[in-house]
Amino acid sequence: MATRGFFGKRPSEGESGRLPPGQYLTEDFPVLSAGPTPRVDLDKWSFTLKDGVRPVARWTWDEFAKLPHVKLTRDIHCVTKWSKFNTAWSGVMIDDILAEAGIDPPTAFTLAHSFDGYTTNVPTADLIGGKAMVATAYEGKPITPDHGGPARLLVPHLYFWKSAKWVNGLQFTQRDEGGFWELRGYHMYGDPWREQRFTGD
Amino acid sequence: MDGSAQPKRLLWQEAVIEAIHAETPTVKSFRLRPDSWTGFTAGQHVDIRLTAPDGYQAQRSYSIGSAPDASGTIELAIEALPDGEVSPFFHDVVEVGDRIELRGPIGGHFIWDRPLGGPILLIAGGSGLVPLMSILRHRAVVAPEVPAVLVVSARRYDDLIWRTELLRRAAEDPNLKVIVTLTREQARPGLRFGRIDMGLMADALAGGLPALTYVCGSTPFVEAAANLVLAAGVPFESVRTERYGGSKV
Ligand SMILES: Cc1cc2nc3c(=O)[nH]c(=O)nc-3n(C[C@H](O)[C@H](O)[C@H](O)COP(=O)(O)OP(=O)(O)OC[C@H]3O[C@@H](n4cnc5c(N)ncnc54)[C@H](O)[C@@H]3O)c2cc1C
């Protein structure tokens, strides 16, 4: 249905191919969170890998800082409709975290956990093979608390709510368990190119 | 309890614009009648989709300002952002009788209904008042005994959306306290002047800590307000936020 009188401010040709359906380009860096921004002390920070309920590896901030850090520059897409191109992150690839822990991913499903109690589910296959990292810096600087610092998950090929802010662990689960937004009507997978915003999309 | 019944699929549908009101110099309210509407929970929003003749589409979210009722209609209030794509279209082009595509209701966290109880603290910056107005209006119908405090920050007196109704509710409802602060105009009798601060927060919390706090507005406003609420001793888990955007970080 065409909307009477609407012509739109469309993106340039170069941009439009990089914009998933229903998204618009922003130069800002908006924020989506369900609650206030938690402040996480670095001396209280830790990151834990769990197989079900069993912890299999844990790092403090200083230990995590010694893991191999790499850069990842990607376009990101938020379910609230904004996209941002060429966001430059650095952190530790999930592949390297698993290698340091000396394990292969035990199950096909993962639940990411955060300091504020937030959770989000991501298929394990979408976290490995160079696709995702735990990011600790944005544009060369420590990630600010409102954008998820000290560390956030970065899964740039899925809607950005999957890139859990204030992340403190990954839990491998036997089945695909919905996280915070997924239990509130948002899509279990969240592919922006297939516009999987809500349950059933 | 948190999480309202979400339909299995959120389908796009059309809605007809039944009425338009200029609420403030920059905010218009729109009464929409969706073709098939099954209700919503106070605090939720809809997604609007506009389509150009060549198929190009733009989508944005807008909160519902009306309370859940049996009218089959919903009220939105949209602030015109000068360089915006969608909000100026609503202000300059949309007329009564136009058909607009939408889907919803959306949102399972920034919601309030009677079982959640109170006391509740609502903090609004600018058009962030919209979902909080839905909550206030709904509370007045289903649970007027629940103590509520509404803090509204607006630029000027004339920028206060639904001002007449707000001031009337504040005067008539013994369980409702409304604190208005104006950021770009010297205070009028009974209103505060300046950005929200600890002094205002002390006033808002004078009756005790709320069981639930809802903060809504532009991203910088929500960050500042939520931090103040925490600093005033409100538990982290009891604070729910909705950020509209507009961060310059
Ligand atoms: C869940 C949700 C509910 C919302 N409910 C409402 C509502 O009830 N009423 C309402 O008016 N808006 C609401 N918004 C904001 C709305 O979705 C649009 O972002 C807004 O109308 C701007 O769209 P636009 O196309 O006009 O501007 P755009 O073309 O998207 O942006 C134009 C410029 O304005 C800036 N900008 C974007 N948002 C803001 C902002 N909030 N404050 C200051 N600058 C901004 C952008 O960075 C950009 O520079 C809501 C947003 C969300 C996520």
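Residue numbers start from 1 in every chain, and the chains themselves are labelled A, B, ... in the order their sequence lines are given, proteins ahead of strands. Source: prediction; values computed, not measured. Only this structure's heavy atoms are used, side chains among them; waters, hydrogens and symmetry mates stay out.
- A distance of 8.5 Å separates CG of B:L230 from CZ of A:R39, quoted to the nearest 0.5 Å.
- With a threshold of 4.5 angstrom between heavy atoms, A:K81 approaches chain B through side-chain atoms but not through N, CA, C or O.
- At a threshold of 4.0 Å, the pair B:D47-A:R197 does not count as salt-bridged, since none of the basic side-chain nitrogens sits closer than that to a carboxylate oxygen.
- The most heavy-atom pairs under 4.5 Å with chain B, out of A:P21, A:G22, A:S16, come from A:G22.
- For B:F236, the parts lying under 4.5 angstrom from a heavy atom of chain A are both the backbone and the side chain.
- No salt bridge links A:D146 with B:R243; every basic N to acidic carboxylate O contact stays at or beyond 4.0 Å.
- Residue B:R99 places its CZ atom among more than 12 non-hydrogen atoms of other residues, nucleotides or ligands, all under 6.0 Å distant.
- Remark: B:L10 CG to A:Y186 OH distance equals 9.0 Å, nearest 0.5 Å.
- Relative to the ring axis of A:Y24, B:R60 places its NZ or CZ within 45° and under 6.0 Å from the centre.
- Most heavy-atom pairs under 4.5 Å with chain B: of the set A:A2, A:A34, A:G200, A:G117, this distinction falls to A:A34.
- For the pair B:D54 and A:R10, the salt-bridge criterion is met [side-chain N within less than 4.0 Å of a carboxylate O].
- For the atom pair CE of A:M1 and CD of B:Q57, the computed distance is 10.0 Å after rounding to the nearest 0.5 Å.
- Using cut-offs of 30° and 60° for the angle between ring planes, the B:Y56 and A:F6 rings count as parallel.
- Side-chain N or O atoms of A:K9 include none that pairs as donor or acceptor with a backbone N or O of B:V86 at under 3.5 Å.
- The distance from the CD atom of B:E95 to the CZ atom of A:R4 is 4.5 Å, given to the nearest 0.5 Å.
- When B:E242, B:Q59, B:R103 are compared by the number of non-hydrogen pairs under 4.5 Å with chain A, B:Q59 comes out ahead.
- If you measure heavy-atom distances from B:N227 to chain A, the contacts under 4.5 Å come from the side chain alone.
- With rounding to the nearest 0.5 Å, the separation of OG in A:S33 from CZ in B:R240 is 15.0 Å.
- Chosen from B:A226, B:P53, B:S61, B:S218, the residue pairing most often with chain A at heavy-atom distances under 4.5 Å is B:P53.
- Residue contact with chain B, scored on non-hydrogen atoms closer than 4.5 Å, involves the side chain of A:W181 exclusively.
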Review point. A:D116 and B:E237: side chain to side chain contact (heavy atoms under 4.5 Å, CB included), yes or no, with the steps?
Key: CA-CA 8 Å; A:D116 61 334; B:E237 306 72 37; over 6 Å; no
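- The 12-atom threshold is exceeded at CG of A:D41, counting heavy atoms of other residues, nucleotides or ligands nearer than 6.0 Å.
- Here the straight-line distance linking atom OG1 of A:T3 with atom CD of B:E14 works out to 8.5 Å at 0.5 Å rounding.
- Taking chain A as the reference chain and counting heavy-atom pairs below 4.5 Å, the highest number among B:S238, B:A225, B:G84 is found for B:G84.
- Heavy-atom contacts from other residues, nucleotides or ligands closer than 6.0 Å to CD of A:E139 number more than 12.
- Looking at B:E101, both its backbone and its side chain come within 4.5 Å of chain A, counting heavy atoms on both sides.
- In this structure, the portion of B:R49 lying under 4.5 Å from any heavy atom of chain A is its backbone and not its side chain.
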Review point. Yes or no on side chain to side chain contact (heavy atoms under 4.5 Å, CB included) for B:T219 and A:F29, after CA distance, side-chain angles and deciding distance?
Key: CA-CA 10 Å; B:T219 302; A:F29 197 158; over 6 Å; no
